[in-house]
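Accompanying notes for the structure given below.
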Amino acid sequence: MKKFLLALFVGILSLSLAACNNDEDKAKEKEKETEEKATGEEAAAVDPEEMQKKLDAQKVEKDTVVAIVNGKEIKGNEYNDALSMSQMQFTSMGQDPTTEELAKQLKDYTLESLVGQTLIMQEIEKKGYEAKEEDINKQLDTLKANYENDDAFNEALKANNLTLDELKAQIADTVKYDQYVKNDLKVEEVTDKEVKEYYDKMTSSGEESAETPKYEDVKDTLKTNLEGQKTQEKLAAKVEELRETAKIELKL
């Protein structure tokens, strides 16, 4: 399971969906004020177990074929992982992914994220990118450094239903993906001017206060965010290009 790319594609599509939903909410904000208050009170009383049952009901059998991309089958276990990511993102934004309308949107966007991931990975394999064992082990050591000892690391693997070999396969995907982004996507470098403009835009909505972070303290983080945005834009454009000649069958 290529969870790094999966998270990236779910993020791209979920943010797009969230933006659409937010625009609609703003347009109807005044009309829905009373209704939203009541909904908020009702949501606060939702039983977490009942909510989880509703979320799980949106999943499919793990061996169900949900899509076929250029002859490659995408199975239900991959779909369920992607769907869970989307559900968590929208729950964290205060939206209810169990409503009929949003559940339908999430299903469509989850399938699109999986299709996009598959198309990019097929392109990476076509280009012949490989992950050297030393690069895989280097990233593995970096991950292990976050844990007190090997036992704690192995417990984390178990908690995530991963074997060491599966984790190394995921790391290999990220190594190849990084090579592809660097050599093929050709993402434009983020300039200091862009970072400063980004900061000014983020802080212009309200008066500067003691809580407002200073530019020097956050510029590196903002630059990383902008680099991520530019990469996502290039990636999304590449997926659209690949879709034009791809054979895609959606089964849900």
| Option from K223, K230, Q229 for which side-chain contact (heavy atoms from CB on, under 4.5 Å) with L226 holds | Q229
| Heavy-atom side-chain proximity of V239 to I120 below 4.5 angstrom | yes
| request: Flag the pair K144 / L140 as yes when at least one side-chain heavy-atom distance between them is below 4.5 Å, and no otherwise. | output: yes
| Hey, what do you get for CD (Q89) to CG (L106), rounding to the nearest 0.5 Å? | 9.5 Å
| request: Measure from the side-chain N and O atoms of E166 to the backbone N and O of T163, and report whether any donor-acceptor pair falls under 3.5 Å. | output: yes
| Y109 vs L114 side-chain heavy atoms within contact, under 4.5 Å | no
| request: Heavy atoms only: give me the nearest Q122-V69 pair and the separation to one decimal. | output: NE2-O, 3.1 Å
| task | Answer whether the closest heavy-atom distance between the side chains of K176 and E125 falls below 4.5 Å. | result | yes
| field | Side-chain heavy-atom pair I124, D173 within 4.5 angstrom cut-off | value | no
| task | Indicate the atoms forming the closest heavy-atom contact of Q117 with E78, along with that distance. | result | NE2-OE1, 4.0 Å
Donor-acceptor pairs under 3.5 Å, side chain of residues 240-252 to any protein atom, not counting sequence neighbours: which ones?
from	atom 1	to	atom 2	distance (Å)
E241	OE2	K238	NZ	3.2
R243	NH1	E112	OE1	2.8
E249	OE1	K251	NZ	3.4

| Residues E133, K168: salt bridge by 4.0 Å N-O rule | yes
| query | Looking at residues at least two apart in the chain, or sitting in another chain, which of them share a side-chain contact (heavy atoms from CB on, under 4.5 Å) with K196? | reply | D200, Y215
| field | Donor-acceptor contact below 3.5 Å, side chain D217 vs main chain P213 | value | no
| request: For the residue pair T98 and D96, confirm or rule out a side-chain donor-acceptor distance under 3.5 Å. | output: yes
| request: Would you check if Y198 and T203 make a side-chain contact, meaning some heavy-atom pair closer than 4.5 Å? | output: no
| message | One thing to verify: whether E101 and K104 come together as a salt bridge, which I'm taking to mean a side-chain N less than 4.0 angstrom from a carboxylate O. | response | no
| said: Would you compute the distance between atom CE of M51 and atom OG1 of T91 and round it to the nearest 0.5 angstrom? | reply: 6.5 Å
Taking distance alone, no hydrogens or angles, what donor-acceptor pairs closer than 3.5 Å link side-chain atoms of residues 56-63 to residues at least two apart or in another chain?
from	atom 1	to	atom 2	distance (Å)
D56	OD1	Q52	NE2	2.9
Q58	OE1	Q87	NE2	2.7
Q58	NE2	P97	O	2.8
K59	NZ	S84	OG	3.1

| Does N146 CG have over 12 foreign heavy atoms under 6.0 Å away? | yes
| request: Please name the pair of heavy atoms, one in Y129 and one in Q179, separated by the smallest distance, quoted to 0.1 Å. | output: CD2-OE1, 3.2 Å
| said: Would you say that more than 12 heavy atoms from the other residues, nucleotides or ligands in this model lie under 6.0 Å from the NZ of K54, or not? | reply: no
